Every structure is written in C-alpha cells, then in structure tokens.
Number of protein chains: 2
Amino acid sequence: MEKIYHIGVEATLDVIGGKWKPIILCHLGNGPLRTGELRRRIPTITQKMLTQQLRELEEDEIIVRKVYNQVPPKVEYYLSDEGKTLRDLLVTMSVWGEKRVKRLQAKGQPVELLSQGHEGYLKF
Amino acid sequence: MEKIYHIGVEATLDVIGGKWKPIILCHLGNGPLRTGELRRRIPTITQKMLTQQLRELEEDEIIVRKVYNQVPPKVEYYLSDEGKTLRDLLVTMSVWGEKRVKRLQAKGQPVELLSQGHEGYLKF
DNA sequence: CCCATTAGGCACTTTTAAGTAACTATATGA
DNA sequence: TCATATAGTTACTTAAAAGTGCCTAATGGG
C-alpha cells in the first residue's frame with residue numbers, strides 16, 4: 001500500500017517515532033554496536049522490541065545490519081549514510097526538548113531528564 | 001506521576017508526536033485559527049481528535065485557547081511563545097522528511113507527500 | 001415554536017503499539 | 001555429553017491511540 005504523508009514532518013516521525021527508536025539511534029550515533037551491547041545500554045528494552053525496532057530501522061535504510069559468520073553469532077548495527085543525516089536533526093530536537101524540560105523544572109513541574117546529571121548516560 | 005525522559009528528543013516527541021499534532025501545529029503556524037476553520041483545513045480529522053489534541057497542546061502550553069463570549073461560540077487557537085519556538089524545529093524536521101520522500105520516490109517506492117504539487121496545501 | 005449555527009462532551013469500539021514468556025540454532029570447551 | 005554464549009523467533013496478553021455515533025448549550029431569525 002502506498003504511504004501518504006500530508007507534510008514532511010510525518011515522514012520524519014514515521015522513521016524516528018515510537019518509544020525506542022530515538023534512544024537506539026542516539027546510541028548508534030557514536031559508532032557500530034553489537035546487539036548485546038545495545039541491550040546492555042538500554043536495560044529496560046525487551047529482546048523483542050530491540051529486534052523489532054532494529055529491523056524497522058534497517059528496512060527504512062536508516063541503519064545497516066552486519067552479520068559476521070561466527071558462532072556464537074556476532075551482529076553489528078551502524079548508521080547508514082541517510083542515518084547519519086539524522087544525527088544533526090536528533091541533536092536539534094534534543095536541544096529543544098532539553099530547553100523545555102528546564103523550563104518545566106523551573107516552574108516546579110515533576111519532570112526528569114536522565115541524560116542530565118547522570119554522567120555518561122547518553123550523548124543526546 | 002513524574003515524567004521521565006532518557007534524552008531530550010523524548011520530551012520533544014512527547015509534545016509533537018502523534019497522528020495530528022504536527023498537522024495542527026503547521027496550520028497554526030500562520031496565525032490564529034478558529035476551531036471550524038481548523039476542521040475545514042484538516043478534513044479527515046474527527047471532532048473528537050481535534051478537540052483532544054488541541055486540549056493536550058494547550059495543557060503543554062504550546063498553544064493558547066482564546067474564548068470569545070459569544071453565541072454561537074467563537075474560540076481561537078494560536079501558538080504560545082514556546083509554541084513559536086517549535087516552528088523552526090518543525091520546519092527542520094519537514095526538510096529532512098521531504099528529502100527522504102524524494103529519495104524514496106527516486107527509487108521508485110510508493111510514497112506521496114501531499115504538500116508537494118498540491119499547491120496551497122500546507123506551508124511545511 | 002423551531003431551526004441553524006458553533007464548539008464540544010461522552011460512551012463505546014477498533015486498531016496499533018508495546019510487553020511477557022518460553023523457545024531455537026550452533027560451534028566451543030570442560 | 002552437556003552447559004555456555006549470542007542473536008533471534010513465536011504466540012499470546014496488555015495498554016495506549018485513534019475512530020464512531022450521538023448528545024448538549026445558547027441565541028438570533030423566520
């Protein structure tokens with residue numbers, strides 16, 4: 001079936017939307033990672049969701065899945081060329097979100113951004 | 001309950017995510033609109049979803065709801081100061097999405113972007 | 001008296017996204 | 001022979017998002 005978007009944002013959200021994709025993409029922003037390493041860095045994601053989201057990102061040609069022919073298996077994921085162009089966008093989006101969180105916190109609202117304070121948690 | 005985000009993007013997506021919010025925000029990008037006018041410009045949205053999304057955007061302080069004390073009722077919606085800062089971000093996101101759509105179309109994949117070709121449809 | 005107009009509420013159903021738990025394959029080394 | 005490590009699948013359940021249909025309030029005009 002043909003995909004139909006009203007505006008460009010929808011095409012973007014179609015690719016990076018959902019609970020886990022931004023997180024996965026951020027982790028892949030610093031170079032290739034093996035499946036297990038990704039899982040360790042995103043402790044609350046389940047096996048199924050990780051694989052599912054990785055498959056969708058691969059299908060959308062945002063990441064590349066490289067299989068080493070070994071036992072036990074070794075699989076690496078890394079950003080494709082198009083995926084790399086997403087990095088700047090994700091950074092821009094993050095900056096806006098961080099400002100918003102600070103604004104809300106300044107107003108005393110109960111919001112927390114784990115990537116702040118918790119050193120070495122995530123780049124963006 | 002406290003809201004917890006891993007990274008800034010999540011806070012952003014929390015505000016602009018979903019099927020209708022980007023579209024609504026784009027329409028409001030050119031000045032205040034009445035409820036009915038919004039509905040006319042987004043023909044496929046339902047009463048309920050329109051009201052619901054507008055309420056959430058208002059709750060998030062992205063838009064302002066101005067009620068005129070008249071009968072029949074008149075209500076206008078427009079971007080708040082924080083909402084206006086979203087415009088640039090949405091434009092950036094749209095640019096990325098448009099490039100992606102063109103790339104997919106060039107590869108012969110069945111994707112359509114209504115804001116292209118259909119003149120006067122939406123700014124971004 | 002009754003209808004049109006405008007913005008929206010409410011109960012319910014359907015659809016989509018996410019989560020849970022148990023399972024597979026296979027070379028290696030003890 | 002058997003546990004280990006690694007990446008992944010499958011059937012099922014639960015939760016969240018979106019859609020449907022019908023209802024309300026209030027006033028001016030015919």
Side-chain angles (χ1 to χ4, degrees), chain A residues 1 3-6 9-25 27-28 32-60 62-78, chain B residues 1 3-6 9-25 27-28 32-60 62-78:
Chain A
M1 54 249 129
K3 271 187 185 169
I4 296 184
Y5 304 113
H6 296 82
V9 205
E10 290 179 340
T12 307
L13 288 176
D14 203 25
V15 165
I16 66 169
K19 185 168 175 181
W20 299 110
K21 282 181 185 170
I23 300 177
I24 293 173
L25 290 172
H27 280 289
L28 290 180
L33 287 178
R34 294 185 58 174
T35 314
E37 185 54 28
L38 264 174
R39 208 170 42 232
R40 243 165 281 128
R41 298 198 188 194
I42 315 177
T44 51
I45 199 174
T46 59
Q47 268 281 8
K48 184 203 143 195
M49 286 314 286
L50 180 58
T51 313
Q52 189 180 100
Q53 303 304 299
L54 288 170
R55 284 297 176 300
E56 290 180 16
L57 288 168
E58 190 197 3
E59 168 81 13
D60 287 340
I62 299 301
I63 64 173
V64 178
R65 176 167 181 262
K66 183 173 181 184
V67 182
Y68 294 81
N69 210 12
Q70 305 180 354
V71 169
K74 174 177 177 182
V75 177
E76 271 185 352
Y77 295 93
Y78 57 91
Chain B
M1 53 248 130
K3 269 187 188 171
I4 296 184
Y5 304 112
H6 296 82
V9 205
E10 289 179 341
T12 306
L13 288 177
D14 203 24
V15 165
I16 65 169
K19 185 168 174 181
W20 299 111
K21 282 180 184 170
I23 300 176
I24 292 173
L25 290 172
H27 280 290
L28 290 180
L33 285 178
R34 294 184 59 175
T35 314
E37 185 55 27
L38 265 174
R39 208 171 43 233
R40 242 165 281 128
R41 298 198 188 194
I42 315 176
T44 50
I45 199 174
T46 60
Q47 268 281 5
K48 185 201 143 196
M49 287 313 286
L50 180 58
T51 312
Q52 189 180 100
Q53 303 305 297
L54 287 170
R55 284 298 174 302
E56 290 180 16
L57 288 169
E58 190 197 1
E59 169 81 12
D60 287 340
I62 300 302
I63 65 173
V64 179
R65 177 169 181 262
K66 183 173 181 183
V67 182
Y68 293 81
N69 209 13
Q70 303 179 354
V71 169
K74 174 177 176 181
V75 177
E76 272 185 352
Y77 295 93
Y78 57 91

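Chain identifiers are assigned alphabetically (A, B, ...) following the order of the sequence lines, protein sequences preceding nucleic acid strands; residue numbering begins at 1 within each chain. Bear in mind that the values here come from a model prediction, so they are computed numbers and not experimental data. Side-chain atoms are counted along with the backbone in the values below, which use heavy atoms only and exclude waters and symmetry mates.
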| Selection from dG19(D), dG8(C), dA18(C) that lies nearest to any side-chain heavy atom of T35(B) | dG8(C)

| request: Take the protein atom OH of Y68(B) and the nucleotide atom P of dT27(D), then report the distance between them rounded to whole Å. | output: 20 Å

| query | Where the side chain of R55(A) is defined as all heavy atoms beyond and including C-beta, which of dG9(C), dT9(D), dA18(C) is the nearest nucleotide? | reply | dT9(D)

| message | Of the listed nucleotides (dT20(D), dG19(C), dA7(C)), which one gets closest to any side-chain atom of W20(A)? | response | dG19(C)

| message | By nearest heavy atom, map R40(B) and P72(A) onto DNA chain C; which one lands nearer the 5' end? | response | R40(B)

| field | Closest nucleotide among dA7(D), dA18(C), dA18(D) to the M49(A) side chain | value | dA18(C)

| request: Please state how far atom CD1 in I45(A) lies from atom P in dG8(D), giving the value in whole angstrom units. | output: 12 Å

| request: Can you tell me the distance, in whole Å, between the CG atom of N69(A) and the C1' atom of dT6(D)? | output: 14 Å

| query | Which nucleotide sits closest to the side chain of Q53(B): dT6(D), dA18(D), dA18(C)? | reply | dA18(D)

| query | Can you find a side chain N or O atom of Y77(A) that sits less than 4.0 Å from OP1 or OP2 on dA7(D)? | reply | no

| task | For the helix from dC1(C)-dG30(D) to dA30(C)-dT1(D), figure out the bend between the end axes, five pairs an end, and round to 10 degrees. | result | 30°

| task | Report the residue (K48(A) or T51(B)) whose heavy-atom-nearest nucleotide on DNA chain C is the more 5′ of the two. | result | T51(B)

| message | Checking contacts here: which listed nucleotide (dA7(C), dG19(C), dA18(C)) is nearest the side-chain heavy atoms of R34(B)? | response | dA7(C)

| task | Tell me whether the OP1 or OP2 atom of dA5(D) has a side-chain N or O from R39(A) closer than 4.0 Å. | result | no

| Of the options R65(B), H27(B), E58(B), which is the one that meets Y77(B) in a side chain to side chain donor-acceptor pair (under 3.5 Å)? | R65(B)

| query | So among R34(B), R40(B), R39(B), which one has a salt bridge (Lys or Arg N to Asp or Glu O under 4.0 Å) with E37(B)? | reply | R40(B)

